[in-house]
Protein chains: 2
Amino acid sequence: MATIYDVAQESGFSSATVSKVFNHYAGVNSLTKEKVLIAAKKIGYIPNISAQTLVTNKSWLIGVIFKEDLHQGLVHPHFGGILESFKASMEKSGYDIIFLNKNFSDLELRYLEHCRYRNVDGVLLASSPLPEKEAAAIEKAGFKCVSVENDYRNIPTVISDNYGGTKQILNYLYTLGHKKIAMVIPPLKSLAGRERFEGYKIFLKNHNLVFDENLVVECDEYTDESAKIAIERLLNKCLDNFPTAIFAGYDKIAFIIERTLLARGYFIPNDISVVGFDDLEMARSVTPTLTTVYQKRKEIGEEAARIMLKRLEGNDSFDTNTITRIPTGLRIRNSTCRARNN
Amino acid sequence: MATIYDVAQESGFSSATVSKVFNHYAGVNSLTKEKVLIAAKKIGYIPNISAQTLVTNKSWLIGVIFKEDLHQGLVHPHFGGILESFKASMEKSGYDIIFLNKNFSDLELRYLEHCRYRNVDGVLLASSPLPEKEAAAIEKAGFKCVSVENDYRNIPTVISDNYGGTKQILNYLYTLGHKKIAMVIPPLKSLAGRERFEGYKIFLKNHNLVFDENLVVECDEYTDESAKIAIERLLNKCLDNFPTAIFAGYDKIAFIIERTLLARGYFIPNDISVVGFDDLEMARSVTPTLTTVYQKRKEIGEEAARIMLKRLEGNDSFDTNTITRIPTGLRIRNSTCRARNN
DNA sequence: TTGAAAGCGCTAACAC
DNA sequence: GTGTTAGCGCTTTCAA
């Protein structure tokens with residue numbers, strides 16, 4: 001492998017000058033620059049990032065903490081989509097993505113250790129909630145953090161506008177005449193869960209509808225099993241006071257609701273409307289296709305990258321406690337229709 | 001950040017000794033070792049990988065080339081699933097995953113340059129076919145390659161047993177009485193496409209069925225649009241000689257076939273059976289649920305990791321031209337039934 | 001069994 | 001505008 005000294009020799013200048021050329025220093029004669037570049041190209045010189053990192057303390061590496069309850073890994077339709085977009089944005093600015101893992105050592109702050117070991121410049125938190133303490137330790141150690149989907153103290157967060165999205169879909173149901181709307185709440189330990197539930201309550205208030213305990217039920221975990229249990233509980237609770245529509249806190253719940261109701265002989269949407277939140281690919285292929293809220297995963301990833309880059313440039317004047325909410329969209333499909341007049 | 005010198009000072013030994021301890025050298029007094037370890041823990045020492053890489057020329061980094069026609073990125077159900085498993089396996093051996101990208105420079109062998117820049121130890125080729133020349137250049141430059149889904153000269157490949165899988169599903173149809181089976185072939189530029197088509201022809205031969213040009217059609221690209229066109233062509237070609245079953249070269253095609261046929265008034269599976277290949281999550285949620293071939297993505301990723309690790313250990317005595325085929329499974333669902341006696 | 005010292009490839013003062 | 005040189009944190013002879 002050609003080194004900077006080879007380029008120096010080939011071009012007739014010193015290694016310092018070659019370095020300056022490659023780092024776009026101002027004070028280099030343009031002819032010199034040209035000669036150096038030609039020499040470098042000739043011998044196929046590629047700078048060695050390890051050497052660079054050793055002296056500059058900058059690795060051009062962004063660590064990603066990507067673990068989630070569902071254990072779907074990269075294929076996770078939401079986190080995976082966001083990461084894909086974040087990655088693409090960061091690459092444009094010369095950063096590479098590396099996965100941080102917790103099996104790195106047997107100590108407590110394993111992610112932190114991995115950050116140090118790899119000397120990452122920043123960290124994207126794209127996972128189920130981390131202990132607040134662990135996130136804080138990473139940020140405090142000087143690694144610029146950006147979080148997606150979760151909020152941590154002093155770490156900027158990017159997330160879908162769950163309030164707006166909930167409002168969109170519930171208002172849509174309202175215009176269809178639905179006033180008795182049940183909700184299966186996502187785990188309240190997640191920010192999304194809390195915000196969507198909050199949005200639901202705001203909706204009720206805005207339309208002078210009363211909150212009915214028997215129409216809501218929380219899903220404990222982000223798993224199908226947990227969703228099934230929650231749905232069963234809901235259906236049992238409201239048997240004698242059946243809703244005209246159900247708001248599933250996220251699409252997967254909606255799919256299960258559809259199947260459950262169909263199996264019990266209900267017709268969707270005629271007997272009852274069902275809506276979700278996510279707009280997974282599958283929302284277009286289930287029967288009936290699902291009316292849901294579209295999350296702009298691409299935008300979320302891009303915004304997270306934008307904030308990360310700003311932070312990496314030292315432009316950290318803004319409030320790190322900021323939550324940036326990305327607008328959602330409504331996807332109207334076949335799981336909803338006018339409410340029957342009971 | 002604590003350095004090896006800090007540990008040396010804290011423990012009372014030299015940096016050389018500390019290094020030996022951390023690299024598990026034989027000739028270190030066990031008491032010395034213990035003292036060094038205690039000192040290291042006390043001051044929170046983490047070795048600096050950049051410095052290590054600079055001298056050892058080993059980065060503990062595996063580059064992944066992960067680009068595919070569908071532009072689904074990480075969320076790609078097949079490649080994403082394989083990568084997830086590969087990553088998990090490699091992490092257990094201390095390797096981290098980094099994405100190689102082609103926007104790295106404007107030169108021709110951009111992936112190669114990125115490999116050099118990051119000093120990766122190995123490369124996983126998990127993408128749509130790369131130019132043979134480019135793959136060869138990477139391998140030749142000393143980066144240990146393993147390919148998934150595609151075959152390159154002198155690079156070990158891991159892929160589903162497409163022959164076996166095709167045989168499984170076609171034999172199943174045969175046992176249901178199907179003898180006139182159409183096929184929508186995946187792009188023949190892909191290894192999977194070639195093997196599945198080959199498997200189809202072998203099946204026909206084994207059962208003394210004649211190959212009928214009008215019952216097969218190739219899909220040009222791995223896109224929904226291309227699939228739709230192919231399906232249209234097939235349906236037009238065999239109108240007067242309708243098959244009793246259709247073998248879709250991969251699940252997504254099968255989903256589109258189902259929708260197309262249903263829209264045209266056919267009943268599946270009563271009028272015609274439909275089968276796929278992949279077993280995507282959606283296969284369980286479309287109507288009717290899809291009978292298909294299950295690809296063991298986890299095993300593929302693990303096997304790729306196993307081969308990679310072997311190569312990294314210098315144990316490269318085996319034939320690098322090897323193709324390892326991972327057995328598939330049959331998933332029988334509701335899109336198939338006995339063939340009607342015409 | 002341990003340590004001194006050179007060197008991996010690069011950057012950044014500082015001197016010229 | 002360009003070059004000299006020290007040093008980033010580590011490994012690895014080689015000597016003791």
Side-chain angles (χ1 to χ4, degrees), chain A residues 1-40 43-61 94 113-121 142, chain B residues 1-40 43-61 94 113-121 142:
Chain A
M1 285 298 336
T3 73
I4 205 169
Y5 293 105
D6 298 325
V7 180
Q9 187 157 36
E10 178 72 30
S11 66
F13 293 93
S14 73
S15 65
T17 299
V18 176
S19 173
K20 282 167 191 160
V21 169
F22 272 85
N23 290 294
H24 305 103
Y25 265 62
V28 181
N29 184 303
S30 64
L31 188 63
T32 303
K33 192 171 170 177
E34 202 177 319
K35 283 182 184 167
V36 166
L37 256 16
I38 289 172
I43 62 177
Y45 168 71
I46 304 268
N48 181 319
I49 184 73
S50 300
Q52 284 182 157
T53 299
L54 190 55
V55 23
T56 61
N57 217 19
K58 167 121 189 164
S59 64
W60 294 93
L61 232 39
E113 298 202 340
H114 202 170
C115 288
R116 292 225 258 245
Y117 174 64
R118 284 292 174 189
N119 229 303
V120 299
D121 297 331
Chain B
M1 284 297 337
T3 73
I4 204 170
Y5 292 105
D6 299 324
V7 180
Q9 188 157 33
E10 179 73 28
S11 66
F13 293 94
S14 73
S15 64
T17 300
V18 176
S19 173
K20 281 167 190 160
V21 169
F22 273 85
N23 290 293
H24 305 102
Y25 266 62
V28 181
N29 185 303
S30 64
L31 187 63
T32 302
K33 192 171 171 178
E34 201 177 319
K35 283 181 184 169
V36 165
L37 257 14
I38 289 172
I43 62 176
Y45 169 70
I46 304 267
N48 180 318
I49 183 75
S50 300
Q52 284 183 158
T53 300
L54 190 55
V55 22
T56 61
N57 218 20
K58 166 121 188 162
S59 65
W60 294 92
L61 232 37
E113 299 203 340
H114 203 170
C115 289
R116 291 226 258 246
Y117 174 65
R118 284 292 174 187
N119 229 303
V120 300
D121 297 331

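Remember, it's a predicted structure, so these values are computed and weren't measured experimentally. Note on naming: letters A, B, ... go to the chains in the order of the sequence lines (proteins, then strands), and numbering restarts at 1 for each one.
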### Query
Backbone N or O of B:N119 within a donor-acceptor pair of the B:S59 side chain at under 3.5 Å?
yes
### Task
Identify the heavy atoms of B:A8 and B:S14 that sit nearest to each other, and give their distance.
CB-C, 3.7 Å
### Query
Which residue pairs pass the salt bridge (Lys or Arg N to Asp or Glu O under 4.0 Å) test when at least one of the two sits in residues 1-14 of chain A, sequence neighbours left out?
A:E10-A:K42
### Residue pair B:K33 / B:V21: nearest heavy atoms and the distance that separates them
CG-CG1, 3.8 Å
### Task
Quantify the bending of the helix from C:dT1-D:dA16 to C:dC16-D:dG1 as the angle between its end axes, each fitted on five pairs, to 10°.
40°
### Task
Check side chain to side chain donor-acceptor pair (under 3.5 Å) between A:R116 and all other residues, then give those that pass, not counting sequence neighbours.
none
### Query
Quick one: is B:S14 getting a side-chain N or O under 4.0 Å of the C:dA4 phosphate, OP1 or OP2?
no
### Query
Along DNA chain D, 5' to 3', what are the outermost nucleotides having an atom less than 4.0 Å from a heavy atom of chain A?
D:dG1 to D:dG9
#### Entry: Closest non-hydrogen atom pair between A:Y117 and B:P47, with its separation
CD1-O, 3.5 Å
### Task
Sort out for me which residue in A:I38, A:L37, A:L31 forms a side chain to side chain contact (heavy atoms under 4.5 Å, CB included) with A:K35.
A:L31
### Task
Return the residues of residues 31-40 of chain B meeting this criterion: a heavy atom under 4.0 Å from some atom of DNA chain D. Order them by number, or give none.
none
### Query
Do A:R118 and B:L61 touch side chain to side chain, with heavy atoms closer than 4.5 Å?
yes
#### Entry: Check: B:T53/B:S50 side-chain N/O donor and acceptor closer than 3.5 Å
no
### Task
List the atom of B:A39, the atom of B:S11, and the distance in Å for their closest heavy-atom pair.
CB-CB, 3.6 Å
#### Entry: Side chains of B:V7 and B:I43 in contact at under 4.5 Å (non-hydrogen atoms)
yes
Protein and nucleotides 9-13 of chain C: nitrogen or oxygen contacts under 3.5 angstrom:
residue	atom	partner	partner atom	Å
C:dG9	N2	A:A51	O	3.4
C:dC10	OP1	A:Y45	OH	2.7
C:dC10	OP1	A:N48	N	3.1
C:dC10	OP2	A:I4	N	2.3
C:dC10	N4	A:Y5	OH	2.7
C:dT11	OP1	A:N23	ND2	3.1
C:dT11	OP1	A:Q52	OE1	3.2
C:dT11	OP2	A:S19	OG	2.6
C:dA12	OP2	A:Y25	OH	3.2

### Message
Looking at every heavy atom in both B:W60 and B:D121, which two are closest together, and how far apart are they?
### Response
N-OD2, 2.7 Å
